[in-house]
Every structure is written in C-alpha cells, then in structure tokens.
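Taking it in order: structure first as structure tokens, then the write-up.
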There are 4 protein chains.
Amino acid sequence: MAARSTRTHDPQDTRAAIVRAALELMSERSYDGTAVPDVAARAGVAAGTMYRHFKGKEALVNAVYRECKLSMHRFLIEAIAGAPSPREGFRRLWRGLWEFSRKHSEAFRFLEMHRHLPYLEPASREVSNSVMEGVATFVRSAQAEGAIREGPPEVLIALAFGAFVGLAKESEAGLTRLDEETIALSEEAVWGLLAA
Amino acid sequence: MAARSTRTHDPQDTRAAIVRAALELMSERSYDGTAVPDVAARAGVAAGTMYRHFKGKEALVNAVYRECKLSMHRFLIEAIAGAPSPREGFRRLWRGLWEFSRKHSEAFRFLEMHRHLPYLEPASREVSNSVMEGVATFVRSAQAEGAIREGPPEVLIALAFGAFVGLAKESEAGLTRLDEETIALSEEAVWGLLAA
Amino acid sequence: MAARSTRTHDPQDTRAAIVRAALELMSERSYDGTAVPDVAARAGVAAGTMYRHFKGKEALVNAVYRECKLSMHRFLIEAIAGAPSPREGFRRLWRGLWEFSRKHSEAFRFLEMHRHLPYLEPASREVSNSVMEGVATFVRSAQAEGAIREGPPEVLIALAFGAFVGLAKESEAGLTRLDEETIALSEEAVWGLLAA
Amino acid sequence: MAARSTRTHDPQDTRAAIVRAALELMSERSYDGTAVPDVAARAGVAAGTMYRHFKGKEALVNAVYRECKLSMHRFLIEAIAGAPSPREGFRRLWRGLWEFSRKHSEAFRFLEMHRHLPYLEPASREVSNSVMEGVATFVRSAQAEGAIREGPPEVLIALAFGAFVGLAKESEAGLTRLDEETIALSEEAVWGLLAA
DNA sequence: CATGAATGAGAATTCATTCAT
DNA sequence: AATGAATGAATTCTCATTCAT
C-alpha cells in the first residue's frame with residue numbers, strides 16, 4: 001500500500017547493522033584484530049554484502065569512527081548548551097561524558113582505541129576537530145570570565161579529557177567502580193585542574 | 001677484558017633485538033597489526049629464530065609489556081625517591097613521566113596501547129600492579145599530611161596519569177608541543193587536581 | 001532435464017574433488033606426509049578453498065575415512081546378502097573384498113594405513129564399528145549352524161580380514177599377483193581357517 | 001684402568017639411544033609425523049648430535065627399520081630351529097610371533113607401519129627379504145612332506161602373517177585381548193589355513 | 001541489492017639441517 | 001663427539017576481496 005514496499009529490509013538497516021557489528025567487534029579487539037567475515041556474521045549478512053555498502057575495511061572503520069564521534073559530539077554539545085556558568089558548564093560536561101561512556105560504552109572505547117590511526121581519512125579527522133571546537137569555545141569564554149585558568153585551551157582540554165579517559169579505563173579494568181560518588185569526587189578534582 | 005667470551009652472538013643479544021623490534025613495530029601499529037616476519041626482519045634475524053626465544057607471538061608481546069612496565073617503574077620510583085614534600089614529589093613524578101615519555105617514547109606509547117588486553121598474561125598484570133603500588137603509597141602518605149585531597153588513591157592516580165596520557169597523545173598527534181612551558185603549566189594544573 | 005540448475009560449479013562437486021584428491025595422496029604417503037596445498041592443487045582448487053569445506057586437515061582426513069569405510073561397508077553388505085550357505089557367503093565376501101580392493105584400491109590402502117589413528121574422531125570410529133557388526137552377525141549365524149568354528153567372532157574376523165590385507169599388501173609390493181588363481185587358492189585356504 | 005676410558009658416554013650408547021627414541025616415536029606417529037628435534041629430546045641429546053650418527057632423517061628411519069627387522073628375524077629363526085615336525089614348527093612360529101609382538105611391541109608396530117615405504121633404501125629391503133627366506137624354506141619343506149597345502153609359499157606366508165597382524169591390530173585397538181586362550185584358538189585356526 | 005563459494009596472498013608456526021664453538 | 005642457536009623453506013591456516021548467480 002505504501003509507496004515504499006519494504007521487501008525484506010531497508011538498505012539503511014543493513015548498513016546500520018554492519019556499522020553496529022563492526023563497532024562491537026572493533027571496540028573489543030583492534031581494527032587489525034577484527035575480521036570482515038566476523039563483522040558480516042554478527043551483522044547477519046553475507047560477506048559479500050559488506051562491499052555493497054563500503055568500499056573496503058578501511059571505509060568501514062572510518063564510517064564507524066565518524067558515527068561514534070558525531071554521536072559523542074551531539075551528546076556533549078547538548079549537555080553543555082545554555083549552562084548558566086562555567087562551573088555548571090563543566091559539571092554538565094563531566095556528567096555528559098560519564099553518561100555517554102555508560103550508554104555508548106562501545107563507542108567510547110572505540111574512539112579511544114582508534115585515535116589518530118593511519119587509516120583515518122581526512123574527512124574523519126575533520127569530524128574530530130569540529131567536536132573539539134565546541135568545547136574549546138566554551139573554555140575560551142570561561143577563561144575570559146576568569147573562571148578557568150590561563151593557557152592554551154587544547155592543553156587544558158587534553159588534560160581534563162585525558163583524566164576522564166584514565167578513570168574510564170580504570171573502571172573498565174574492574175579496578176574501581178564508576179559510581180555516583182566517584183563521579184562527584186572526580187568532577188570536583190578535575191575542576192581543581194581547570195579552575196583559575 | 002670481559003670474562004665472558006662472546007662467540008658469534010650472545011643469545012641474550014638476539015632476544016633483546018627481537019624485543020626491541022617488536023616494541024618499535026607494535027607501538028606504531030597494534031598487536032594484531034604487526035606481523036612476526038616484520039619483527040624478525042627488523043631485528044635482523046630469521047623468522048624461525050623468534051620461536052627459539054618466545055613460544056609465540058603472545059609470549060613476545062607479554063615480554064615486551066613486562067620490560068616496558070618495569071622500565072617505567074624504575075624510572076618513576078627513582079624520580080620520586082626522597083622527595084622532601086608531597087608537592088615536590090609530584091613535581092618530580094610529573095617531570096619523570098615527561099622525561100620517560102621523551103626518552104622511551106615507544107615504550108610509553110606501547111604501554112598505553114596495550115593496557116588490559118586479552119593477550120596479557122596474569123604475570124604481566126602483576127608487574128602492572130606492583131608499579132601502581134609505589135605511587136599509591138606516595139599518595140596515601142600525602143593524604144595523611146593533608147597535602148592531597150581525600151579519596152581513593154587509585155581514582156586520583158587514574159585521573160592524574162590519564163591527564164598526562166591525554167597530553168602526550170595530543171602532542172604526539174602534533175596538536176600541541178610538549179615543551180618546557182606546557183609541562184610547567186600542566187604540572188601546575190594537575191596539582192590543582194590533586195591538592196587538598 | 002534435471003531440476004537442479006548447475007551454476008558454475010556445485011559446491012558438492014568441489015567438496016568431492018577435495019576428498020578424492022586427499023584420498024589419492026594420503027593413500028600414497030601418510031596423513032602427516034601429505035601437504036594441504038598438494039591436495040588443493042590436485043583437486044584443482046585454491047588452498048583456501050579447502051577450509052570452506054573442512055575445518056582443517058584433521059576434519060578432512062576424517063571425512064575421507066568415513067567415506068571410504070562406508071563405501072566398503074556397502075560393497076560387502078551387498079556381496080554377502082542372501083547367501084544360501086555359510087560357505088557361499090564367505091566365498092562372496094572374499095570375492096567382494098577382492099573386487100573392492102581392485103576397484104577402490106586407494107580407499108582400501110587408505111583404510112589400512114589409517115586404522116585406529118590418533119586423529120580419528122569418535123564419529124569415524126562408529127562408522128567403523130557398524131561395518132564390523134554386519135559381518136559379525138554373519139559369522140555368528142554360521143557358527144550356530146556349525147559351519148564356522150567356535151570362538152569370538154571378532155577374533156575370527158580379525159584373522160580372516162588380516163589374511164586378506166596381508167595378501168593385498170604382498171601384491172601391492174609386486175611380490176605376487178592377485179590373479180584369479182591366487183584368489184581361488186587363498187579363498188580355499190582362509191575357509192580352512194574359518195571352517196569348523 | 002681399562003684401555004677404553006669412557007669419558008661421559010660411549011658413542012654407541014648415544015647412537016642406540018637415538019635409534020630407541022626414534023623407534024618409540026615413529027611407532028606412535030608416522031615417519032612424517034615425527035620431528036627430529038623430538039627424537040633428539042627423547043634420546044637426551046642435542047639436535048645437532050643426531051647428524052653425527054646419521055646422515056639425515058631418512059638414514060635414521062632406515063637404521064631403525066633394519067634393527068627391528070633383524071631383531072624379529074633372529075627371534076623367529078630361533079623359534080623355528082630344530083622343530084620336530086611342521087605342525088610343531090608352526091606352533092613355535094606362531095608363539096614366537098606372539099612373544100615378539102609383546103616384548104617388542106614398538107618394533108612390531110613400527111615394522112607394520114613402515115612396510116614398503118618410499119624412503120626405504122635397497123639395503124633395508126634386503127634384510128626384509130632374508131627374513132622371508134627362512135620362513136619360505138620351512139614352508140617348502142613342509143609342503144614336500146605333504147603337511148602344508150600346495151601353493152606359492154609367499155602367498156601362504158602373506159595370509160598367515162597377515163592373519164597375525166590383523167589379530168595384533170585388533171588387540172592393540174583394545175577390541176580383544178591377546179591372551180593365552182586367544183592365541184591357542186588363533187593358532188589352531190591359522191593351522192587350518194595352512195594344513196594340507 | 002544480496003549471496004556465498006572461491007580466491008590467493010600472507011599470516012603464524014614448525015622443523016630438517018648447518019655450523020661456530 | 002657434542003652442543004644448541006640460527007636458518008629459511010615449507011606447513012597449516014586466515015581473511016580481505018571478487019564475482020557469477
């Protein structure tokens with residue numbers, strides 16, 4: 001009845017299933033440690049099908065990378081938007097990071113594992129930069145207000161984001177629990193890192 | 001002069017060359033992305049020779065992991081030893097981390113890439129833990145003095161160490177320079193994270 | 001005419017070609033003495049193709065074993081069926097053995113070389129046992145009639161079958177010819193072994 | 001004190017240890033399935049040492065073959081010597097075979113596995129033939145007496161010897177026990193095969 | 001679009017053999 | 001004679017990719 005007769009599946013669904021499967025596997029092992037046939041099997045499609053949607057394994061990992069990065073971007077931008085103060089902005093950012101790493105743990109791990117890798121296409125790097133931009137703008141205006149200490153925003157961001165990643169890895173390894181209390185403590189501590 | 005007459009080659013030299021070559025390659029690509037024949041070629045030995053010294057690729061990566069971890073351990077323990085105050089202790093730790101990441105950049109990158117990976121043997125994890133212990137002791141005594149904020153030492157260490165890693169990755173990607181000024185700034189900032 | 005339209009090649013054909021090639025090579029050299037690429041080359045397929053059809057070399061040798069065993073089973077069961085007397089039954093069995101060893105000489109040699117070997121899976125052994133059962137039943141009923149001497153059927157079968165194998169090996173080595181006369185003589189002699 | 005000062009070991013002992021180790025391993029797996037370093041390890045010598053005593057793996061397997069064959073030859077010749085009658089001669093032969101297969105089970109299995117193989121040197125085959133000769137002479141004279149049925153001796157020997165091998169394999173596979181009773185029964189039966 | 005059999009280059013690993021000591 | 005580290009060709013097996021259907 002509808003104009004679009006979905007025979008078995010929407011091609012977009014197939015593509016999404018492949019990206020999802022690739023994300024799951026590549027966030028466990030590395031890019032090189034993940035076999036294309038395994039991705040296909042997990043996505044529930046034939047091996048050949050993958051090549052209808054992506055030119056090759058590299059194109060696939062880049063697609064995964066972009067989607068993850070974008071997803072995190074949206075998450076953080078939303079979290080930060082309309083914060084009444086730098087302190088509150090940071091609080092939302094830190095909590096946003098936490099929430100994202102819980103809700104999209106695979107995406108979070110994937111992004112960490114695949115930073116700055118040789119098979120990342122320029123287009124993927126750009127997504128990467130645009131994410132940073134939003135946060136850098138936030139830092140700069142907070143510095144102008146005298147709320148965040150002086151220094152290159154990218155350095156401060158690297159330190160603060162690195163701190164979160166360190167915490168996340170620790171919890172992933174089972175050495176600590178990322179509970180409410182730990183988050184509160186860490187937020188306080190990292191604000192100590194940033195505050196003027 | 002030496003008591004030990006070297007024949008053609010000391011087996012220990014061969015082993016060391018293989019570990020070195022593996023470190024160099026595996027810190028560029030991942031474990032899975034590094035081919036054993038390439039390691040052998042870089043070490044200047046035949047492919048089969050590797051298997052006289054290591055049972056397999058996994059045993060090799062574990063040996064590399066342990067050596068790197070131990071190397072960093074010694075470096076930091078030495079740096080921290082006999083610090084007159086917590087503040088000074090942290091300063092030395094941070095500078096030690098910096099120096100280590102410059103002098104042993106491959107080891108540093110390797111350790112970051114290979115944390116908590118499925119092919120790490122229990123023995124390797126233990127080396128890992130023993131390193132943490134030294135620093136945790138430092139943190140605890142500084143907390144007793146009221147110099148470092150309250151909270152589980154492993155959380156604070158994860159945050160601070162993570163911050164350094166974040167900075168190092170940023171510089172590796174060429175987005176910032178790890179110069180004297182940046183180190184001074186970052187040290188000050190991360191002390192803000194730790195200080196009571 | 002046939003309902004099944006053959007594309008380029010039926011996968012079953014490929015599988016059969018691989019089994020055939022493996023049989024040919026493994027009945028000349030041993031299991032360990034036969035290289036997988038050689039099997040593939042003889043089957044006219046690429047080396048990798050083998051692994052689509054068999055999980056590994058062991059799975060392949062087991063498949064070959066089962067097919068050979070089954071083939072001999074069918075041959076002998078058919079030969080023995082409806083024999084009017086024990087003497088005639090044995091005559092047919094002996095002639096059946098002879099015919100099988102001529103028409104399927106590779107299968108016959110293969111089975112001899114690969115009896116009770118460590119890489120035989122339990123499933124393969126079961127095929128083996130079911131073959132024995134048919135003959136054992138024949139022996140038991142002949143013993144009941146007083147035509148075959150007393151004693152455990154499996155012992156008598158082992159002796160008689162062993163005698164045939166000994167003869168076949170002798171002829172294979174070129175030390176005697178398995179002609180009509182020899183078969184007649186040997187049949188007579190081995191009946192002497194069995195007869196009450 | 002003795003003229004021959006045995007420093008550590010007699011070279012003959014080393015050689016014997018290697019042959020013994022090779023026999024043990026090659027009677028379990030095949031020639032191709034047995035690794036030279038494994039033989040060396042089991043013999044308690046270094047890998048290189050093997051090549052002082054044998055030109056290569058083929059020379060080793062041939063040495064093992066000859067020693068086994070000779071050992072069985074002596075055993076059977078002794079068993080058969082001075083038998084008062086063909087019937088008694090066969091009885092001794094059959095019992096000799098039994099004893100040999102128990103006392104030298106590895107040698108017996110080895111000989112069975114390695115009959116007529118491509119790496120057997122002519123010299124090895126000759127040992128092989130000389131064994132057969134002794135038994136063939138026995139058969140011929142028994143035929144002259146009218147005690148053993150007419151026919152080419154090598155055919156009768158192949159049948160009778162094959163029968164024993166069949167029985168031995170059966171017992172090796174654990175399907176029957178080679179006890180006194182079974183031997184008595186089988187001897188009786190195989191005499192039925194031979195008797196005129 | 002989807003399939004999955006086929007490919008073949010390349011991966012990890014083994015092993016017969018050599019040779020400096 | 002004995003050693004054992006080193007070799008490199010050969011082995012088993014994997015996997016990114018293609019293509020006829």
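Below, read A as the first sequence line, B as the second, and so on, with proteins coming before strands; counting in each chain starts at 1.
- Between the C/Ser71 side chain and the C/Glu67 main chain, no donor and acceptor come within less than 3.5 Å of each other.
- At the phosphate of F/dG4, neither OP1 nor OP2 sits under 4.0 Å from any side-chain N or O atom of D/Thr49.
- Judged purely by atom type and a 3.5 angstrom limit, A/Lys57 uses its side chain to pair as donor or acceptor with the backbone of A/Tyr31.
- Not one side-chain nitrogen or oxygen of C/Tyr51 sits closer than 4.0 Å to the OP1 or OP2 atom of F/dT14.
- Between A/Val45 and A/Met50, every side-chain heavy-atom pair lies at or beyond the 4.5 Å cut-off.
- An OP1 or OP2 oxygen of E/dA2 is reached within less than 4.0 angstrom by no side-chain nitrogen or oxygen of A/Arg52.
- Between D/Thr14 and the phosphate of F/dA1, there is no side-chain N or O to OP1/OP2 separation shorter than 4.0 Å.
- Annotation: F/dT21 and E/dC1 have their P atoms spaced 23 Å apart (nearest Å).
- Counting heavy atoms from C-beta on, the side chains of C/Leu120 and C/His114 never come closer than 4.5 Å.
- In terms of position on DNA chain E, the residue among C/Gly48 and B/Gly56 whose nearest nucleotide sits closer to the 5' end is C/Gly48.
- In this structure, B/Phe108 has its ring center no closer than 6.0 Å to that of B/His104.
- Using a cut-off of 4.0 Å between Lys/Arg side-chain N and Asp/Glu carboxylate O, C/Glu112 and D/Lys169 are scored as salt-bridged.
- Between C/Gln12 atom CD and E/dG4 atom C1' the separation is 14 Å, expressed in whole Å.
- One N or O on the side chain of A/Arg109 and one on the backbone of A/Ser27 form a donor-acceptor pair closer than 3.5 Å.
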message: D/Arg66 vs D/Asn62, test: side chain to side chain contact (heavy atoms under 4.5 Å, CB included). Steps then yes/no.
response: CA-CA 6 Å; D/Arg66 274 195 300 273; D/Asn62 275 279; 4.0 Å; yes

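- For the pair B/His53 NE2 and F/dT7 P, the computed distance is 9 Å after rounding to whole Å.
- Using a 4.0 Å cut-off on heavy atoms, none of the residues of residues 17-33 of chain D approach DNA chain E.
- The 5' end of DNA chain E is approached more closely, in terms of each residue's nearest nucleotide, by C/Ala47 than by the other of C/Ala47 and B/Met50.
- In this structure, D/Lys69 contributes its side chain and D/Val64 its backbone to no donor-acceptor pair below 3.5 Å.
- Rounded to a whole Å, the CZ atom of B/Phe54 is 16 Å from the C1' atom of E/dA12.
- Distance from the side chain of B/Ala35 is smallest to E/dA12 among F/dA2, F/dA16, E/dA12.
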- request: Step by step, work out the side chain to side chain contact (heavy atoms under 4.5 Å, CB included) result for A/His53 and A/Thr49.
  value: CA-CA 7 Å; A/His53 295 271; A/Thr49 300; 4.2 Å; yes

5'-to-3' dot-bracket of DNA chain F (Watson-Crick, G-U; under 3.5 angstrom; crossing pairs as [ ]; | other strand): .||||||||||||||||||||

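- For C/Val45, counting side-chain heavy atoms from C-beta on, the closest listed nucleotide (F/dT12, E/dA12, E/dT7) is E/dT7.
- Note on C/Pro37: a base of the nucleic acid sits closer than 4.0 angstrom, heavy atoms only.
- For the pair D/Lys57 NZ and E/dT18 C1', the computed distance is 17 Å after rounding to whole Å.
- Take the nearest nucleotide of DNA chain F for A/Asp38 and for C/Thr34: the residue whose nucleotide is more 5' is C/Thr34.
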